[in-house]
2 protein chains.
Amino acid sequence: MPTIQEIAKLCKVSTSTVSRVLNNHPYVSEKIRREVLRVIEEMNYTPHFLARGLRTNSSKLLAVSVPKADHPFFAGLIKGISLQALESNYKVCVFQTFYCKENELELMKLLQNREVDGIILGALENLWDDIAPYLKRGPILMCNEFHETAQVPILCYNEFESGYTAVRHLIERGYRDIGFCFDTANSEAQNIRKKGYLAALADHNLPYREEWIFDGAFSILDGIRIMNRIHDLPEKKPAALFSGSDQVAAGLIKQAVNLGYSVPGDLAVIGYDNQPICRVTTPTITSIDIPVEQLGRKAVSRLLACLTEELPLKREVTLFPTELVVREST
Amino acid sequence: MPTIQEIAKLCKVSTSTVSRVLNNHPYVSEKIRREVLRVIEEMNYTPHFLARGLRTNSSKLLAVSVPKADHPFFAGLIKGISLQALESNYKVCVFQTFYCKENELELMKLLQNREVDGIILGALENLWDDIAPYLKRGPILMCNEFHETAQVPILCYNEFESGYTAVRHLIERGYRDIGFCFDTANSEAQNIRKKGYLAALADHNLPYREEWIFDGAFSILDGIRIMNRIHDLPEKKPAALFSGSDQVAAGLIKQAVNLGYSVPGDLAVIGYDNQPICRVTTPTITSIDIPVEQLGRKAVSRLLACLTEELPLKREVTLFPTELVVREST
DNA sequence: TTGAAAGCGGTACCAG
DNA sequence: CTGGTACCGCTTTCAA
């Protein structure tokens with residue numbers, strides 16, 4: 001592999017001049033510029049990335065942390081992030097936490113080592129106070145999660161409102177006994193969503209029961225499991241469920257139908273994220289659409305703004321719009 | 001951020017010694033080692049990744065190319081790859097081709113620039129001859145795709161056999177008029193799968209019609225589109241479909257039911273990949289299970305073997321087992 | 001407009 | 001066992 005020295009030698013100029021050509025600096029005579037470019041082409045030279053990075057102190061690599069890369073929502077986030085990053089000549093490195101604090105902290109070390117230039121947190125496993133110290137090492141940004149005080153850009157949507165909207169929709173459809181499925185109370189975003197759920201119930205003087213609230217709802221299998229538990233409830237069962245995930249909703253519906261319930265007759269289900277799966281179940285799933293790809297793209301452009309303009313990181317909450325998409329399950 | 005020089009100064013030793021401690025070299029006295037480690041700890045020092053990488057000529061970064069990160073199959077592949085890489089202290093950078101040759105070639109430049117140490121191709125958009133020159137720059141490995149002559153490790157499964165098995169299953173169920181959906185004839189793997197389909201038909205003296213073969217089948221929407229075309233077929237319609245993707249199968253089934261077909265009564269459908277979606281449609285989808293996560297993990301360990309043992313890259317085809325998973329759609 | 005040279009922060013060879 | 005030092009390949013003053 002040729003180096004800049006060899007190109008310089010062949011062109012009979014200094015490495016500085018070659019470097020200037022490479023970086024489009026002014027003050028290089030047109031004649032030399034052309035000659036250098038010709039030799040570069042001829043030798044098929046490309047600059048050594050690590051050497052350049054060491055000098056300029058940047059890796060052109062962004063990390064995105066997600067619980068699991070194969071979760072449809074996060075896969076969409078990765079898609080958006082990856083797309084936007086590439087347009088700006090940044091690469092994206094995927095980091096999975098598997099919902100585990102330690103893995104997330106491990107990721108922070110990448111920032112400390114300058115292995116990555118910045119981090120997009122697609123979820124948050126640790127307490128923010130354990131993450132904050134790493135801000136000294138480079139920009140961190142929160143995307144799809146919320147925190148009350150974190151002094152970083154936060155890209156999210158109004159979880160309270162979307163939760164409220166989903167439940168109000170169920171109420172308007174005539175349902176009164178409404179349950180809620182979510183993945184984990186560790187997530188501030190999910191807690192706010194839950195508040196929206198509770199507020200909608202309260203505003204309409206509707207009952208709410210502890211046993212209608214299910215956590216640990218991540219996947220299709222969890223939906224099936226939860227539906228079995230509902231089926232076995234000794235007392236009153238919910239007539240509708242607000243599920244924090246389309247996967248869970250799909251599992252709920254499938255198992256409900258298996259158990260002989262009519263959906264939405266006996267049990268209505270509303271999902272979240274408006275994933276493609278919503279369109280292929282029977283009945284199809286009413287859901288809340290989240291502009292996930294946009295979320296990812298914006299996360300990158302915001303992060304790069306901090307990086308290139310050296311903007312100090314500051315708190316700045318950006319809310320994206322969500323939309324109720326009504327289908328057959330409600 | 002402290003550097004190795006500062007640590008050396010504080011410890012009153014040379015940078016060589018600190019480096020030795022850092023890299024667990026022998027020939028450092030226990031006393032000095034402990035002192036150095038203490039200071040490193042105290043200063044919260046971590047080595048600069050780019051500097052180290054420049055010296056050792058490695059970025060500890062692997063690239064994986066997929067058509068789209070949010071395709072469930074490829075999301076699973078990314079998951080497996082990412083998991084395994086991290087265990088070996090490598091990072092994984094996701095690269096999306098969007099089924100476009102140019103993007104794939106762009107990826108090759110990362111290898112040339114030493115931005116990544118190796119590449120896992122989850123698909124292949126270009127002709128192999130256009131990729132092969134980059135082998136000089138670093139290891140490339142094919143995963144989930146096949147090529148007749150490429151001199152690189154290929155991790156895949158027997159597409160002929162799985163195609164044959166799927167179709168034989170339909171035949172055993174009594175179907176005779178069997179169609180085929182696949183995404184693109186650019187994929188050698190898909191062509192082999194098609195050969196399996198054709199061979200099964202031929203071995204059972206069954207007819208095959210050009211108009212029962214559909215390409216451009218990637219997504220749920222494509223499934224719906226194809227079902228509409230089948231519905232409009234002027235002559236004989238297929239009684240069963242072998243779809244190269246569960247997403248497409250789900251779309252086919254959904255639309256078939258919408259159009260008043262009974263599945264599998266009037267039309268049987270078999271998918272591919274055995275994704276979670278298979279379990280939530282009505283009817284549930286018979287599919288071919290692919291050990292995608294394993295495929296990803298193996299790809300990484302194989303690639304790292306080339307990297308660490310400096311093994312010359314050579315052709316080596318590894319076949320993974322697939323399995324027919326029978327559900328309600330057949 | 002150009003070149004010389006000093007790093008960026010490590011690693012590893014060679015001498016002692 | 002330890003230290004001195006020459007790089008790795010590029011960018012960026014500074015001086016000419």
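Just the heavy atoms: all of them, side chains too, but no hydrogens, waters or symmetry mates, feed the values below. Numbers restart at 1 for each chain; the letters A, B, ... are given by sequence-line order, proteins then strands.
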Legend entry - OP1 or OP2 of D:dT11 under 4.0 Å from side-chain N/O of A:S19: yes

Inset, instruction - Starting at atom OH of B:Y27, determine the distance to atom P of C:dA12, rounded to an integer number of angstrom. - result: 16 Å

Legend entry - Neighbour count >12 (heavy atoms, 6.0 Å) for atom NZ, B:K101: yes

Inset, instruction - Check every strand shown and say whether A:I32 touches a base, only sugar-phosphate, or nothing at a heavy-atom separation below 4.0 Å. - result: sugar-phosphate

Inset, instruction - Return no unless some side-chain N or O of B:Y45 is found under 4.0 Å from OP1 or OP2 of C:dG10. - result: yes

Inset, instruction - Side chain of B:V28 only, please: which of D:dG9, C:dG10, D:dT2 is the nearest? - result: D:dT2

Inset, instruction - Report yes if at least one side-chain N or O of B:T56 is closer than 4.0 Å to OP1 or OP2 of C:dT11; otherwise report no. - result: no

Inset, instruction - Side chain of B:S29 only, please: which of D:dC1, D:dC10, C:dT2 is the nearest? - result: D:dC1

Legend entry - Ionic contact status for B:E30 with B:R34, cut-off 4.0 Å: yes

Legend entry - A:S16 side-chain proximity, nearest of C:dT2, C:dG3, C:dG10: C:dG3

Inset, instruction - Whole angstrom is fine here: how far is it from NE2 in A:H48 over to P in D:dC7? - result: 17 Å

Inset, instruction - Identify, between B:T17 and B:L54, the residue whose nearest nucleotide on DNA chain D lies closer to the 5' end. - result: B:T17

Legend entry - Polar contact flag, side-chain donor to acceptor under 3.5 angstrom, B:Q190-B:T184: no

Legend entry - For atom CD1 of B:I7 and atom P of C:dG10, their distance in whole Å: 9 Å

Inset, instruction - Whole angstrom is fine here: how far is it from CD1 in B:I4 over to C1' in D:dT5? - result: 14 Å

Inset, instruction - Run through A:I40, A:L37, A:T15 and flag the one making a side chain to side chain contact (heavy atoms under 4.5 Å, CB included) with A:L22. - result: A:I40

Legend entry - Among A:V152, A:I154, A:L155, side chain to side chain contact (heavy atoms under 4.5 Å, CB included) partner for A:L141: A:L155

Inset, instruction - Answer with base, sugar-phosphate or nothing: what part of the nucleic acid does B:N57 contact at a heavy-atom distance below 4.0 Å? - result: nothing

Inset, instruction - Inspect the contact between B:R302 and B:E316 and indicate whether a charged nitrogen and a carboxylate oxygen are less than 4.0 angstrom apart. - result: yes

Legend entry - Polar side-chain contact B:R20-D:dC1 base: donor and acceptor under 3.5 Å: no

Inset, instruction - Give one of base, sugar-phosphate or nothing for A:V18, where a contact means two heavy atoms less than 4.0 Å apart. - result: nothing

Inset, instruction - Round to a whole Å and report the spacing from CG of B:N23 to P of C:dT11. - result: 5 Å

Inset, instruction - Kindly say if A:R52 contacts the phosphate of D:dT11, meaning a side-chain N or O under 4.0 Å from OP1 or OP2. - result: yes

Legend entry - Interatomic distance where CG belongs to B:L50 and P belongs to C:dT11 [whole Å]: 13 Å

Legend entry - Presence of A:S14 side-chain N/O under 4.0 Å of C:dG3 phosphate oxygens OP1/OP2: yes

Inset, instruction - Calculate the interatomic distance between A:R55 atom CZ and C:dG10 atom P; express it in whole Å. - result: 15 Å

Legend entry - Interatomic distance, B:Q5 CD vs D:dT5 P [rounded to whole Å]: 14 Å

Inset, instruction - Side chain of B:T15 only, please: which of D:dT5, D:dC10, D:dT12 is the nearest? - result: D:dT5

